[in-house]
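For the single chain, residues carry numbers from 1 onward in sequence order.
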Amino acid sequence: MFSSGGFRVAASTAVACSAVGVSFFSKDVEKSVSPQPSTLARHTFGSCSPKHEPVLQVDGLRDLRVRTFAAASAAAGGNTAVAATGTGGGAKAVSAQAEVKRLRKRERRFQAFASREHDGQLFMTAQDFLESVTKQEPRARSHRRALTNTEVSNILASTPGLRKTSQHLFRDMWDNCLISYPDYLFMLSVLTKPQRHFQIAFKMLDVDGSKSVDVKEFLKFQGAINKSSALRSGEEVDSSSLIQHFFGSGGKGVIRFQDFFNFMDNLQCEVLELEFLNHSQGMRVISELEFAQILLRTAHISERDVEVYVERLRQRLNDSHGITFDQFCNFNKFLNNLSDFSVCVRMFTMSGQPISQGQFQRAVKACMGYSLDERLVDTIFKLFDTDGDGGLSHEEFIVVMQNRVQRGFGGKRTGWDGFKACVRKEVNKKN
């Protein structure tokens, strides 16, 4: 396959990898037609660029299409009728489907998991949010629950205040909570931020430099990140449980940095703890295989490839010591610093060689100030060491872990690096 006469790839390999290669050349075109958030919001809380992924089904695909098409029609002045069942609605159904496809991946996932509705606006409960970041699919339901004004008022009035934030806040609220789409985007961004970025994020919210954030500043930020969304959201000071938690009744309170830090840290820990408990089933540890499955859940790789990874680890495990929650938590906090780790690793891999466990630990310590558990690192190497030589394919590790950090919203590897990776994968299959 690789010879002195040049680099030859079989036709089937070229076809298999062509889509990846095309993305390398179409990136500028995609940018020119895709609505982008402001530089401030993108730098601090991440990009929300559109991705065209399969629509998640909830309440029936037709119901999702009709709801979305109705919203688009209303936005256009109501001149377009919603497609009805029966004959004659083919063209309109196609238009509704096209509107659904224009929804961003985050919007579609929010729609899929949101189980509450009020005055035309969708809401998640705390349970919906936690499940959206720890599970593949939403739980089965026949419809969304429509809330009355009284029910909404009662839910917001029962929201714990800022001083009562904890690592059980969302589990305590569970289904007695209303999370809007802008809240959802904000909390997703919280999950991906290293602690050293918490203060940067706070300063970006603190527009007037008063060392506190009021409800107007927070709503202004939410409006910026939600500007191009097709989903309706409220702009009132009592519009959601998150706003109520941060600013109290009537939006009269303010957030200071320590409150902001505590909320972000507690939310990260709560999601990780729930994820761990979902697999440990009351035990003190999860197995190395369960740990691998958690990491690969949002890796943008096929089920077959996941099985290859897990089976590789299974064959290489001599004995199982398990992974404790502290080890699991430390590893995930390290993943939030993956960009720094990548810089450190590249100092060892200028020659293109895989890294050793010792080099891996040195890079972790350089960007985190601590080392990871040796048995956990050994598990990572057994999972990602493709040829069994004791070295880690750091490029593959970083791509998979980036999708883990982004909870599946990171996108597949694209461009020239993605094309080369795809070629290598196809070649290995044929060998």
Side-chain angles (χ1 to χ4, degrees), residues 44-46 113 116 123-134 152-206 210-222 225 233-234 236-278 325-326 328-330 332-333 336 407:
T44 309
F45 293 97
F113 281 84
R116 300 291 188 266
F123 291 94
M124 282 181 167
T125 64
Q127 179 185 8
D128 296 335
F129 172 74
L130 292 173
E131 290 179 350
S132 76
V133 295
T134 59
V152 170
S153 297
N154 290 339
I155 290 172
L156 296 180
S158 66
T159 303
L162 192 58
R163 303 302 177 189
K164 294 184 179 179
T165 190
S166 71
Q167 292 183 12
H168 294 84
L169 175 67
F170 289 91
R171 282 172 288 181
D172 289 342
M173 290 192 291
W174 205 236
D175 62 351
N176 197 39
C177 174
L178 295 177
I179 297 171
S180 67
Y181 180 62
D183 296 340
Y184 172 70
L185 292 180
F186 170 73
M187 292 194 293
L188 280 182
S189 73
V190 166
L191 295 178
T192 67
K193 294 291 165 285
Q195 288 189 348
R196 62 186 177 80
H197 286 179
F198 287 4
Q199 192 158 23
I200 297 174
F202 183 80
K203 287 179 178 179
M204 298 300 283
L205 289 173
D206 181 16
S210 63
K211 297 186 178 179
S212 64
V213 176
D214 60 29
V215 68
K216 290 183 179 179
E217 290 173 318
F218 191 75
L219 289 175
K220 185 175 182 179
F221 160 73
Q222 286 198 328
I225 64 173
S233 60
E236 299 81 16
V237 296
D238 293 321
S239 57
S240 71
S241 295
L242 182 66
I243 301 296
Q244 189 81 7
H245 176 68
F246 279 166
F247 304 104
S249 179
K252 299 176 183 177
V254 296
I255 314 173
R256 304 197 183 278
F257 174 68
Q258 193 57 52
D259 301 321
F260 186 72
F261 181 96
N262 290 341
F263 174 82
M264 296 180 78
D265 188 51
N266 285 333
L267 179 58
Q268 288 185 356
C269 289
E270 181 165 9
V271 169
L272 291 176
E273 185 177 8
L274 182 62
E275 199 166 33
F276 185 87
L277 291 173
N278 284 342
F325 176 68
D326 285 344
F328 178 75
C329 193
N330 284 339
N332 280 278
K333 288 183 177 180
N336 281 349
R407 300 280 167 175

Self-check item: Parallel, tilted or perpendicular: rings of Phe260 and Phe202 (30°, 60°)
Solution: tilted
Quiz item: Taking it one step at a time, do Phe129 and Met173 satisfy side chain to side chain contact (heavy atoms under 4.5 Å, CB included)?
Solution: CA-CA 11 Å; Phe129 172 74; Met173 290 192 291; over 6 Å; no
Quiz item: So Phe276 and Phe328, would you call those rings parallel, tilted or perpendicular, with 30° and 60° as cut-offs?
Solution: tilted
Quiz prompt | Worked verdict on Trp174 versus Arg171 for side chain to side chain contact (heavy atoms under 4.5 Å, CB included) | solution = CA-CA 5 Å; Trp174 205 236; Arg171 282 172 288 181; 4.2 Å; yes
Practice problem: Taking atom types as modelled, find out whether Gln195 and Asn336 have a side-chain donor-acceptor pair closer than 3.5 angstrom. | Solution: no
Quiz item: Which one of Asn278, Thr125, Leu274 satisfies the side-chain contact (heavy atoms from CB on, under 4.5 Å) criterion with Leu130?
Solution: Leu274
Quiz item: How far apart are the closest heavy atoms of Phe113 and Asp128, and which atoms are they?
Solution: O-CG, 3.1 Å
Quiz item: Looking only at heavy atoms, which two atoms of Pro160 and Lys164 are closest? And how far apart?
Solution: CB-CB, 4.1 Å
Quiz item: Does the side chain of Val133 come within less than 4.5 Å of Leu188's, by heavy atoms?
Solution: yes
Quiz item: What are the two closest heavy atoms between Ser241 and Thr159, and how far apart are they?
Solution: O-CG2, 3.4 Å
Self-check item: Shortest non-hydrogen separation from Val190 to Gln268 and the atoms involved
Solution: O-NE2, 2.8 Å
Quiz item: Between the side chains of Thr165 and Asn262, is a donor N or O closer than 3.5 angstrom to an acceptor N or O?
Solution: no
Practice problem: Please work out which of the three classes, parallel, tilted or perpendicular, describes the rings of His245 and Phe263, given edges at 30° and 60°. | Solution: tilted
Quiz item: Taking the inter-plane angle between the rings of Phe218 and Phe246 on a 0 to 90° scale, is it parallel (under 30°), tilted (30 to 60°) or perpendicular (over 60°)?
Solution: perpendicular
Quiz item: So how far is it from Met264 CE to Phe186 CZ, rounded to the nearest 0.5 Å?
Solution: 5.5 Å
Practice problem: Could you give me the CA-CA distance, side-chain angles and deciding distance for Ile243 and Leu219, then say whether side chain to side chain contact (heavy atoms under 4.5 Å, CB included) is met? | Solution: CA-CA 9 Å; Ile243 301 296; Leu219 289 175; 3.9 Å; yes
Quiz item: Run the side chain to side chain contact (heavy atoms under 4.5 Å, CB included) check on Asn266 and Leu169 step by step: do they pass?
Solution: CA-CA 8 Å; Asn266 285 333; Leu169 175 67; over 6 Å; no
Quiz item: Does the side chain of Phe325 reach to within under 4.5 Å of the side chain of Leu277, using non-hydrogen atoms?
Solution: no
Self-check item: Smallest separation among heavy atoms of Asp206 and Ser212, with atom names
Solution: OD1-O, 3.0 Å
Quiz item: Shortest non-hydrogen contact from Cys177 to Ala126?
Solution: CB-N, 3.7 Å
Quiz item: Is any side-chain heavy atom of Glu217 closer than 4.5 Å to a side-chain heavy atom of Leu205?
Solution: no
Quiz item: Near Arg196 CZ, under 6.0 Å, is it more than 12 heavy atoms from other residues, nucleotides or ligands?
Solution: yes
Exercise. Hey, could you give me the CG/NZ distance between Asp214 and Lys252, rounded to the nearest 0.5 Å?
Key: 14.5 Å
Self-check item: Separation of Arg256 CZ from Lys211 NZ (nearest 0.5 Å)
Solution: 10.5 Å
Quiz prompt | Separation between NE2 of His197 and CE of Met204, rounded to the nearest 0.5 Å | solution = 12.0 Å
Quiz prompt | Separation of Leu267 CG from Gln167 CD (nearest 0.5 Å) | solution = 10.5 Å
Self-check item: Interatomic spacing from CG in Asp265 to CD in Glu270 - rounded to 0.5 Å
Solution: 11.5 Å
